[in-house]
Engineer: 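Dropping the structure in here first, questions after.
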Amino acid sequence: MTAPTGSAAPSYRSRSARRVRFTDLLAAEWLKLRSLRSTYWVLGVCAVVVTGINANSARSNADRLAGQPVSPYPPPGGVDRPFLFDPLTSAFTEPAWQILMAVAGAIGAAVLSGEYATGLVRTTFAAVPDRRSLLAAKTLVVTVALLGFGAVVSGASFGLTQALLREHGGLSLTDPGALRAVVGSALLAPLCGLIGMATAAVVRHAAGSAVGTAGLLLLLPALFRGDTYRWVAEIGNSMPFSAWEALVQNPERDHGVVKYPVEVAEAWLVYGAWSVAAVVVAVVVTDRRDV
């Protein structure tokens with residue numbers, strides 16, 4: 001007896017060959033990220049710590065400025081200036097935002113390294129052979145999630161610190177450099193997350209990815225700080241941390257003589273270049289290497 005030929009075989013082939021929609025990939029990657037309890041408490045603790053460090057800095061400066069002139073900037077040629085102070089610095093202290101960089105980078109790295117560590121990546125690639133689309137979905141989810149996190153922490157740090165300094169020259173978003181500093185700090189989180197994801201694509205090991213990301217974001221820039229040699233300074237200026245420092249500086253403050261400064265336009269260019277490079281590395285390495 002001959003097997004029926006009708007529409008059964010074509011229907012089966014069409015169902016099996018149906019491509020996964022990109023929205024399905026986004027939903028799956030978002031589910032993976034938010035289903036991890038560690039994601040919530042790590043980001044929550046990081047937000048509290050970063051905001052707390054900045055608030056403590058503002059409170060300390062406010063106590064020190066008690067009884068001082070309201071203006072944080074001394075008059076030209078003035079001799080009595082016991083304490084030079086920039087309110088914007090309290091909202092964006094280096095130690096606090098270095099913690100945020102390390103945490104955001106670790107979250108981005110965990111998006112890939114976690115699947116490699118558990119072996120889930122084999123199932124993922126079997127279900128979605130199109131690795132480029134898969135990486136595009138991961139990239140979008142990481143970017144949006146960490147952008148929201150960065151915006152909350154940046155806005156909260158700025159608002160709280162300037163409220164504490166309202167009697168000592170506290171700034172608003174309309175003051176020169178304030179909005180740029182808030183936006184630059186908010187974008188720092190997704191930037192570090194993408195760098196972490198690219199590092200995980202290369203290393204494929206949870207601990208190695210976390211260490212490699214921290215080294216790339218925090219340790220490497222420390223090796224290229226200084227103005228003794230131009231090539232050393234230029235390498236340092238091309239790092240995300242140096243770009244962030246340039247974006248959070250108050251344009252109305254005298255930051256001293258810097259031989260090879262980072263201009264604001266260059267800082268935004270560094271942000272964009274690192275973001276694009278991280279995505280390209282993650283996609284190319286994942287697409288071309290076997291599991």
Engineer: Is the shortest heavy-atom distance from the side chain of Ser133 to the side chain of Leu25 under 4.5 Å?
Structural biologist: yes
Engineer: To the nearest 0.5 Å, tell me how far Leu191 CG sits from Met101 CE.
Structural biologist: 7.0 Å
Engineer: Of all the heavy-atom pairs spanning Ser238 and Val270, show the shortest one and how long it is.
Structural biologist: O-CG1, 3.4 Å
Engineer: Nearest 0.5 Å, what's the CZ-CG distance between Arg59 and Asn56?
Structural biologist: 9.5 Å
Engineer: Indicate yes or no: does Arg132 engage Asp287 in a salt bridge with an N to O separation below 4.0 Å.
Structural biologist: yes
Engineer: Tell me whether the rings of Phe125 and Tyr116 are parallel (<30°), tilted (30 to 60°) or perpendicular (>60°).
Structural biologist: perpendicular
Engineer: Partners of Leu220 by side chain to side chain contact (heavy atoms under 4.5 Å, CB included), sequence neighbours excluded?
Structural biologist: Leu216, Leu223, Phe224, Met239
Engineer: Looking at side-chain heavy atoms only, is the closest gap between Leu135 and Leu112 below 4.5 Å?
Structural biologist: yes
Engineer: Nearest 0.5 Å, please: how far is CG in Asp63 from NE2 in His168?
Structural biologist: 8.0 Å
Engineer: Minimum heavy-atom separation for Asn250 and Pro176, please, with both atom names.
Structural biologist: OD1-O, 3.8 Å
Engineer: May I ask you to list the residues sharing a hydrophobic cluster with Val276, side-chain cutoff 4.5 Å, ordered by chain and number?
Structural biologist: Val280, Val284
Engineer: Cluster question for you: counting only ILVMFWY and a side-chain heavy-atom cut-off of under 4.5 Å, with indirect links fine, are Leu247 and Ile99 together?
Structural biologist: yes
Engineer: Tell me whether Val121 is reachable from Val142 by hopping between hydrophobic residues (I, L, V, M, F, W, Y) whose side-chain heavy atoms are closer than 4.5 Å.
Structural biologist: yes
Engineer: Using side-chain heavy atoms (C-beta onward) and a distance below 4.5 Å, is Trp30 in contact with Val144?
Structural biologist: no
Engineer: Provide the closest heavy-atom pair for Pro261 versus Asn237 in the form atom of the first, atom of the second, distance.
Structural biologist: O-ND2, 4.1 Å
Engineer: For Phe22 versus Ala137, what's the shortest heavy-atom pair and its separation?
Structural biologist: CE1-N, 3.7 Å
Engineer: Checking Ser242 side chain against Gly236 main chain: does a donor-acceptor pair fall under 3.5 Å?
Structural biologist: yes
Engineer: According to a 4.5 Å side-chain heavy-atom criterion applied to Ile, Leu, Val, Met, Phe, Trp and Tyr, with indirect links allowed, do Leu187 and Leu179 form part of one hydrophobic cluster?
Structural biologist: yes
Engineer: What's the shortest heavy-atom distance between Thr143 and Thr139, and which atoms?
Structural biologist: OG1-O, 2.7 Å
Engineer: Indicate yes or no for a side-chain donor-acceptor contact from Ser154 to the backbone of Ala151 under 3.5 Å, with no hydrogens or angles considered.
Structural biologist: no
Engineer: Flag the pair Val281 / Val285 as yes when at least one side-chain heavy-atom distance between them is below 4.5 Å, and no otherwise.
Structural biologist: yes
Engineer: Are Phe158 and Ser185 side-chain neighbours, meaning at least one heavy-atom pair lies under 4.5 Å?
Structural biologist: no
Engineer: Can you give me every donor-acceptor pair (side chain of residues 38-47, partner residue at least two apart or in another chain, under 3.5 Å) with its distance?
Structural biologist:
from: Thr39; atom 1: OG1; to: Leu33; atom 2: O; distance (Å): 3.2
from: Tyr40; atom 1: OH; to: Arg34; atom 2: O; distance (Å): 3.0

Engineer: Answer yes if the side chains of Asn54 and Thr161 hold a donor-acceptor pair under 3.5 Å, and no otherwise.
Structural biologist: no
Engineer: For residues Trp244 and Glu94, determine if any side-chain heavy atom of one lies less than 4.5 Å from a side-chain heavy atom of the other.
Structural biologist: yes
Engineer: Is there side-chain contact between Arg166 and Gln162, with heavy atoms separated by less than 4.5 Å?
Structural biologist: no
Engineer: Is there side-chain contact between Val279 and Ser275, with heavy atoms separated by less than 4.5 Å?
Structural biologist: no
Engineer: What salt bridge (charged side-chain N to carboxylate O under 4.0 Å, His left out) pairs are there with at least one residue in residues 173-202, not counting sequence neighbours?
Structural biologist: none
Engineer: Roughly how far, to the nearest 0.5 Å, is CZ of Arg230 from CD1 of Ile235?
Structural biologist: 12.5 Å
Engineer: Cluster question for you: counting only ILVMFWY and a side-chain heavy-atom cut-off of under 4.5 Å, with indirect links fine, are Val202 and Val211 together?
Structural biologist: no
Engineer: Scan residues 135-152 for pairs that pass salt bridge (charged side-chain N to carboxylate O under 4.0 Å, His left out), counting only residues two or more places apart or in two chains.
Structural biologist: Glu29-Lys138, Glu115-Lys138
Engineer: In chain order, what residues pass the side chain to side chain contact (heavy atoms under 4.5 Å, CB included) check against Ala104, with sequence neighbours excluded?
Structural biologist: Leu146, Ala189, Cys192
Engineer: Any link between Phe92 and Leu160 through a network of hydrophobic side chains (Ile, Leu, Val, Met, Phe, Trp, Tyr) touching at under 4.5 Å?
Structural biologist: no
Engineer: Before you tell me yes or no, could you show the steps for Phe149 and Ile107 under side-chain contact (heavy atoms from CB on, under 4.5 Å), namely the whole-Å CA-CA distance, both residues' side-chain angles and the distance that decides it to 0.1 Å?
Structural biologist: CA-CA 11 Å; Phe149 167 70; Ile107 293 294; over 6 Å; no
Engineer: To the closest 0.5 Å, what do you measure between NE2 (His205) and OG (Ser113)?
Structural biologist: 9.5 Å
Engineer: Indicate the atoms forming the closest heavy-atom contact of Leu88 with Ala178, along with that distance.
Structural biologist: CD1-CA, 4.3 Å
Engineer: Kindly determine whether Leu194 and Trp274 satisfy side-chain contact (heavy atoms from CB on, under 4.5 Å), including the steps that lead there.
Structural biologist: CA-CA 9 Å; Leu194 293 177; Trp274 274 88; over 6 Å; no
